[in-house]
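Values below: all heavy atoms of this structure, side chains included; hydrogens, waters and symmetry mates excluded. Quick caveat, the model's predicted, so the values are computed rather than measured. Residue indices begin at 1 and follow the sequence shown.
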Amino acid sequence: MHVVPSRLDSFSFSSMSDLAEHARTVRGRGRPRGPDANYRARLLDAALDAFGAQGFEAAGLRAIAASAGCDVSMVAHYFGSKAELWAAVVDRIEAQVRADLAALDMLSPAAGPIERRVVAAVEAMFVQAVRQPQAMRFVMRQMTDPGERLDELVARVVEPVHAVFLPLWQEAIDAGIFRMRSALALQTFVFGAISYAVAAAPVLARMSGGEIDLARLQREFMDGLFARLARGEADADASDTAEEGR
């Protein structure tokens with residue numbers, strides 16, 4: 001396996017600092033107190049899992065309520081309908097995404113060289129995918145179901161992410177770090193690869209007898225993605241050495 005030189009290691013392969021994880025919560029009508037006070041959050045958790053695994057149409061409210069440990073009438077009490085429950089799940093994802101994006105100050109040009117910022121960006125994407133696999137699965141599932149719900153999800157979740165990352169990818173392309181022409185395609189490929197790696201990690205660990213886990217997948221992905229950058233730096237070092245010897 002190619003090992004990235006130590007200079008690239010300095011570009012922050014260590015764990016990212018904790019990103020903000022608070023989400024906006026919409027207070028339900030007549031929310032009960034005491035033992036029932038967390039039903040709304042439990043219904044949102046169950047709905048996020050169900051919609052991500054089965055899609056909107058196939059996910060059943062009775063199954064969602066059962067998973068949340070409450071009666072199906074609680075869905076109507078807190079959300080009114082299945083569509084409003086779906087919208088509340090998107091509310092939660094949007095709030096989390098915007099909080100996470102606000103914490104990505106390492107992407108600003110003022111944060112350092114483009115190489116450092118690109119590595120930090122990819123690492124941050126991995127961190128968020130690992131922390132929020134259900135939300136990632138929800139988004140990926142909805143991508144297969146064109147319509148008004150997808151349009152809403154794109155406008156509220158996907159486009160804000162692209163607005164933050166696309167300028168960085170374009171800067172990296174202009175700097176020759178990636179041999180691609182489209183920043184949007186680059187964002188799609190990187191996000192898709194990370195999403196698949198996180199989703200497939202348990203299967204790969206089982207197939208490899210535990211040799212390949214998520215941490216190793218992340219290391220190899222980073223090493224492979226930035227191998228050309230590392231080679232470029234090594235070539236530059238060799239060139240500098242040759243120049244000094246003349």
Engineer: Between Arg40 and Phe79, is there a side-chain heavy-atom distance shorter than 4.5 Å?
Structural biologist: yes
Engineer: Under a 4.0 Å threshold between the charged nitrogen and the carboxylate oxygen, would Asp100 count as salt-bridged to Arg131?
Structural biologist: no
Engineer: Return all side-chain donor-acceptor pairs below 3.5 angstrom for residues 195-208, not counting sequence neighbours, or 'none' if the list is empty.
Structural biologist:
{"from": "Ser195", "atom 1": "OG", "to": "Phe191", "atom 2": "O", "distance (Å)": "2.7"}
{"from": "Ser208", "atom 1": "OG", "to": "Leu204", "atom 2": "O", "distance (Å)": "2.8"}
{"from": "Ser208", "atom 1": "OG", "to": "Ala205", "atom 2": "O", "distance (Å)": "3.4"}
{"from": "Ser208", "atom 1": "OG", "to": "Glu211", "atom 2": "N", "distance (Å)": "3.3"}
{"from": "Ser208", "atom 1": "OG", "to": "Ile212", "atom 2": "N", "distance (Å)": "2.9"}

Engineer: Calculate, to the nearest 0.5 Å, the distance between atoms CD and CD1 belonging to Glu123 and Ile194 respectively.
Structural biologist: 10.5 Å
Engineer: In Å and rounded to the nearest 0.5 Å, what is the CG to CG distance from Leu85 to Leu44?
Structural biologist: 6.5 Å
Engineer: Any idea which heavy atoms bring Ser182 and Ala185 closest together, and the distance?
Structural biologist: OG-N, 3.0 Å
Engineer: Could you go through Arg92 and Asp45, starting from their C-alpha distance and side-chain angles, then the distance that decides it, and tell me whether this counts as salt bridge (Lys or Arg N to Asp or Glu O under 4.0 Å)?
Structural biologist: CA-CA 10 Å; Arg92 174 190 276 190; Asp45 289 341; 2.5 Å; yes
Engineer: Identify the residue among Leu61, Val75, Leu48 that makes a side chain to side chain contact (heavy atoms under 4.5 Å, CB included) with Leu43.
Structural biologist: Val75
Engineer: Does anything in residues 157-172 pair up under side-chain hydrogen bond (donor to acceptor under 3.5 Å, both in side chains), and if so which pairs, sequence neighbours excluded?
Structural biologist: Arg117-Glu171, Trp169-Gln187, Gln170-Asp174
Engineer: Give the C-alpha distance, both sets of side-chain angles, the deciding distance and a yes or no for side chain to side chain contact (heavy atoms under 4.5 Å, CB included) between Phe165 and Leu186.
Structural biologist: CA-CA 10 Å; Phe165 280 95; Leu186 178 56; over 6 Å; no
Engineer: Taking all atoms of both residues into account, what is the closest heavy-atom pair of Met136 and Ala129, and its distance?
Structural biologist: SD-CB, 4.0 Å
Engineer: Just to verify, what does Asp213 make a side-chain hydrogen bond (donor to acceptor under 3.5 Å, both in side chains) with, not counting sequence neighbours?
Structural biologist: none
Engineer: Between atom CZ of Arg219 and atom CG of Leu214, what is the distance when rounded to the nearest 0.5 Å?
Structural biologist: 10.0 Å
Engineer: With sequence neighbours left out, what residues match Phe221 under ring pair (Phe, Tyr, Trp, His ring centres under 6.0 Å)?
Structural biologist: Phe126
Engineer: How long is the gap from CZ on Phe56 to CH2 on Trp86, to the nearest 0.5 Å?
Structural biologist: 8.5 Å
Engineer: Measure the acute angle between the ring planes of Phe226 and Phe178, then classify it against the limits of 30° and 60° as parallel, tilted or perpendicular.
Structural biologist: tilted
Engineer: Given the rule in the side chain to side chain contact (heavy atoms under 4.5 Å, CB included) test, do Gln128 and Val97 qualify, once you have shown the distances and angles that lead to the verdict?
Structural biologist: CA-CA 9 Å; Gln128 293 311 310; Val97 165; over 6 Å; no
Engineer: Who passes side-chain contact (heavy atoms from CB on, under 4.5 Å) against Ala135, sequence neighbours left out?
Structural biologist: Ile93, Gln132
Engineer: Looking at residues at least two apart in the chain, or sitting in another chain, which of them share a side-chain hydrogen bond (donor to acceptor under 3.5 Å, both in side chains) with Gln134?
Structural biologist: none
Engineer: Return the CG to CE distance between Leu150 and Met143, rounded to the nearest 0.5 Å.
Structural biologist: 6.5 Å
Engineer: For residues 63-72, run the donor-acceptor check on the side chains, cut-off 3.5 Å, and write out each pair with its distance to 0.1 Å, sequence neighbours left out.
Structural biologist:
{"from": "Asp71", "atom 1": "OD2", "to": "Ser73", "atom 2": "N", "distance (Å)": "2.8"}
{"from": "Asp71", "atom 1": "OD2", "to": "Ser73", "atom 2": "OG", "distance (Å)": "2.8"}

Engineer: Not counting sequence neighbours, which residues clear salt bridge (charged side-chain N to carboxylate O under 4.0 Å, His left out) with Asp49? List them please.
Structural biologist: none
Engineer: Would you give the length of the straight line joining atom CZ of Phe189 to atom CE of Met180, rounded to the nearest 0.5 angstrom?
Structural biologist: 4.5 Å
Engineer: Among residues at least two apart in sequence or on other chains, which ones pass salt bridge (charged side-chain N to carboxylate O under 4.0 Å, His left out) with Arg149?
Structural biologist: Glu57, Asp145
Engineer: For Thr188, check side-chain hydrogen bond (donor to acceptor under 3.5 Å, both in side chains) against everything at least two apart and list the hits.
Structural biologist: none
Engineer: Could you name each residue pair satisfying salt bridge (Lys or Arg N to Asp or Glu O under 4.0 Å) that touches residues 187-199, not counting sequence neighbours?
Structural biologist: none
Engineer: If every non-hydrogen atom of Lys82 is compared with every non-hydrogen atom of Ala59, which pair is closest and at what distance?
Structural biologist: NZ-O, 2.7 Å
